[in-house]
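Report on the structure given below.
What you see is a predicted model, and the numbers here were worked out from it, not measured in a lab. Below, chain A is the first sequence line, B the second, and so on; all start at residue 1.
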There are 2 protein chains.
Amino acid sequence: MKRKVTLKQIAKELDVSISTVSKALRNSVEISEDTRQKVQAFAKLYNYRPNNIALSLKNRKTKTIGIIIPEIVHHFFSKVITGIELVANKRGYNVIVGLSNESFDKEVINMQMLANGSIDGFILSIAKETLQQQDYHHFTETINQGMPIVMFDRVINEIPCDKVIVDDIKGAKLAVEKLIGNGCKNIAIITTKDYISVGKLRTQGYLEALEDHKMSPKSSLILKVDDKLLSENHLDELEKEIEQLFKSNKNIDGVFAVNELYAVTAMKVARKLDLEIPEALQVISFTDGVLSKHSTPSLTTVSQHGQKIGEKAADLLINRLELDDTDEAEEDHYETVVIETELIERESTK
Amino acid sequence: MKRKVTLKQIAKELDVSISTVSKALRNSVEISEDTRQKVQAFAKLYNYRPNNIALSLKNRKTKTIGIIIPEIVHHFFSKVITGIELVANKRGYNVIVGLSNESFDKEVINMQMLANGSIDGFILSIAKETLQQQDYHHFTETINQGMPIVMFDRVINEIPCDKVIVDDIKGAKLAVEKLIGNGCKNIAIITTKDYISVGKLRTQGYLEALEDHKMSPKSSLILKVDDKLLSENHLDELEKEIEQLFKSNKNIDGVFAVNELYAVTAMKVARKLDLEIPEALQVISFTDGVLSKHSTPSLTTVSQHGQKIGEKAADLLINRLELDDTDEAEEDHYETVVIETELIERESTK
DNA sequence: TTTCAACACGAAAACGTTTGCGTTGCCCAA
DNA sequence: TTGGGCAACGCAAACGTTTTCGTGTTGAAA
């Protein structure tokens, strides 16, 4: 087992100084052609690579991005990571991942672990618990210490940082308008309680679409499901609530669900009640994940382009990191990029 | 914007030496109660945290684990990461992720980027391209440099390292035996070409199960799908192949699929052909992902316990890392842990 | 008064780099 | 012979820690 070779060892072996070795490897003009070749040959032979940690310490930058997300077993978030990793790697950066599990404490701890020199900047999406408690001191402190943050999807407007979001309102409107265009007269929405920001926004889009088409929303058609039912363990309760919705509103001919799970569950219930999809009932969901594609019938969805979000976020962060060095001018000008949603039509609509 | 405070700055401010500050913060007995309190108060006020990079350089360990996986938008892999992150964090480690995208080159480059001091050890699952080319020099070189590796799921027996795998043969046997126990007489398998190791093993389990029950396998019931059809873009081809299988073997009453996608597609085709599930046809798949749970009917699956795999892999790696310091005895004794599969029964079987 | 321990602290090395600057040795021109 | 100039290399600092080994001061014992 031969440990990694260092400049010092090469220097000793070739009986020159450390600086000579370093300069020879970086093709400095100060070094004679002769020794340069000798050093480079030796380095190649022993497969020398500069130690990243030492470089990080010297340059005071790690070329590493920290990602903090609520969970990773989730189509959207893993797509975002894919996007981040793609451009990060292309631009010479590594990616280090922390999971908050939707917990405030874990979010804070994870950020502290990474903020002490391990990374140059954060890309994150805020935990639900943090959103509820509205305690954002860890974000502002991090930023105050000169470490830039890029937030995506779940963001806080008041925090001074770059942001990448999808236009939830517009996306929802798009979906509902599709249903209206397809002839639906009684469109229900299955959404979350209002404290989930994206749920609220998508509900708003639903309402605006109805309004724009002179259709008055009926409260009986708005089902606000408790967020807890999103966990896999309460599927039956979710089914019951949806069944109740369908049974007490026999005239429903369109459903807009704010996520895949609500949508497939709605389709399941519909099948049970012998409602033909898309003939008698059309369904559209937000979030284009793996379920939508492979459910029967396959789901028409509003795609958020998670990978694009990740790519954009990484570009924003790295741009800021590499700008900080020279130009301090742009210091306090932050961007909010909106990634357009796209309606992907499948079998659940006409 | 106040930059992160260092020992040096504290020392200067309090007019003591750097060493005194360091010792005071670590509660050394060499320091008087008086100055200790002063230093600690000051440090707390300015929210001092030791710089991780400097510590890494000094201690020659980063307390960071590198993960290299083929892709992250995949239920199994993200579950594994969840497990790794869980125990890594608990034991004071961070996790840095690299994606190979099933490409040999990206796998090599990613490992090189991380092996230069950024991490203490690897947890990885090998890219398909690497498996085909059978070029494993980057693994052996890494290990030779004293950096331990733990492989999971897709492993190479010849490489000297710890491994965490599932018993694919046994899991497949379990599934097929369930079908046999449920009265199936003509069980088909939808699997991959043999160069995919897990596909091969699962096929082997299928054959063994039949054999054990004196049922002779029929080649017409074995569908080896080209791996490329796993990509989302070739769903229709996949459907056609399966439809062909069903049509030319009208007596099929059980299907074992080596992954979720094959299984849900098979169910889709069955529905088209008016085969009732589970009455006329029972289906079991390998890999318990999100599709199985939410398909209609929901799928009986063989769960691999991805999270447990991740947890075990992380424990193995960290154990070895923390053992290396003191005990060099266990150097060349490597473990292969088999995580038991579990049959999760749902609606697609009787 | 001398001596010696205990106490409280500082200097310096080390981890592995990069880089500005100083220091040789040599050649050539004056 | 002297001096200037250049080529080729080494020294040392710096990044932020921790830790070993001094070193100076004090107090008490001899």
Among residues at least two apart in sequence or on other chains, which ones pass side chain to side chain donor-acceptor pair (under 3.5 Å) with [X]?
| X | answer |
| --- | --- |
| B:Asn52 | A:Ser118 |
| A:Glu33 | A:Arg36, A:Gln37 |
| A:Asn59 | none |

Review point. Between the two end axes of the helix from C:dT1-D:dA30 to C:dA30-D:dT1, each built from 5 base pairs, what angle do you get to the nearest 10°?
Key: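 The end-segment axes of the helix from C:dT1-D:dA30 to C:dA30-D:dT1 are tilted 100° relative to each other.
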
Check your understanding: Among all residues two or more places apart in sequence or in another chain, which pass the ring-ring contact (aromatic ring centres under 6.0 Å, His included) test with B:Phe42?
Key ->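 Partners of B:Phe42 under the ring-ring contact (aromatic ring centres under 6.0 Å, His included) test: B:Tyr46.
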
Throw together a table of side-chain donor-acceptor distances under 3.5 angstrom for residues 17-25 of chain B, partners on residues two or more places apart or in other chains.
from    : atom 1 : to      : atom 2 : distance (Å)
B:Ser17 : OG     : B:Ser19 : N      : 3.4
B:Ser17 : OG     : B:Ser19 : OG     : 3.3
B:Ser17 : OG     : B:Thr20 : N      : 3.2
B:Ser17 : OG     : B:Thr20 : OG1    : 3.0
B:Lys23 : NZ     : B:Glu30 : OE1    : 3.2

Check your understanding: 5' to 3' on DNA chain C, which nucleotides open and close the contacts with chain B (atom under 4.0 Å from a heavy atom)?
Key ->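 Range of nucleotides touched by chain B: C:dA8 to C:dG16.
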
**Study point:** N or O in side chain of B:Arg26 less than 4.0 angstrom from D:dT17 OP1/OP2
**Key:**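 Checking D:dT17 against B:Arg26, no side-chain N or O comes under 4.0 Å of OP1 or OP2.
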
Exercise for review: Between B:Glu30 and B:Ala54, name the one whose nearest nucleotide on DNA chain D is closer to the 5' end.
Suggested key: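 Checking each residue's closest nucleotide, the 5'-ward one belongs to B:Ala54.
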
Exercise for review: Report yes if some heavy atom in the side chain of B:Ile126 is under 4.5 Å from a heavy atom in the side chain of B:Leu124; otherwise report no.
Suggested key: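 Yes, at least one pair of side-chain atoms sits under 4.5 Å.
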
I need the [atom1]-[atom2] distance between [X] and [N], as an integer number of Å.
| X | N | atom1 | atom2 | answer |
| --- | --- | --- | --- | --- |
| A:Leu14 | D:dC9 | CG | C1' | 14 Å |
| B:Asn27 | D:dT18 | CG | P | 12 Å |
| A:Leu55 | D:dA14 | CG | C1' | 14 Å |

Check your understanding: Which pairs with one or both residues in residues 76-124 of chain A pass ring-ring contact (aromatic ring centres under 6.0 Å, His included), sequence neighbours excluded?
Key ->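 Qualifying pairs: A:His74-A:Phe77, A:Phe104-A:His138.
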
Point to revise | Which residues share a side-chain contact (heavy atoms from CB on, under 4.5 Å) with A:Asp105, sequence neighbours left out | key: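 Result, side-chain contact (heavy atoms from CB on, under 4.5 Å) vs A:Asp105: A:Ser103.
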
Check your understanding: When we call it a touch if two heavy atoms are under 4.0 Å apart, what does A:Val16 touch: a base, just sugar-phosphate, or nothing?
Key ->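 Here A:Val16 touches the backbone only, sparing every base.
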
Exercise for review: Output, in order, the C-alpha distance, side-chain angles, deciding distance and verdict of salt bridge (Lys or Arg N to Asp or Glu O under 4.0 Å) for B:Glu71 and B:Lys128.
Suggested key: CA-CA 11 Å; B:Glu71 51 171 334; B:Lys128 278 182 194 163; over 6 Å; no

Practice item. Would you please name every residue forming a salt bridge (Lys or Arg N to Asp or Glu O under 4.0 Å) with B:Glu335, sequence neighbours left out? Key: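 With sequence neighbours excluded, B:Glu335 shows a salt bridge (Lys or Arg N to Asp or Glu O under 4.0 Å) to no residue whatsoever.
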
Check your understanding: Using a heavy-atom distance cut-off of less than 4.0 Å, which residues of residues 31-51 of chain A contact DNA chain D?
Key ->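 Contacts with DNA chain D under 4.0 Å: A:Ile31, A:Ser32, A:Thr35.
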
Check nucleotides 11-13 of chain D against the protein and report each pair of N or O atoms closer than 3.5 Å, with its distance, or say if there are none.
from   : atom 1 : to      : atom 2 : distance (Å)
D:dC11 : N4     : A:Ser19 : OG     : 2.8

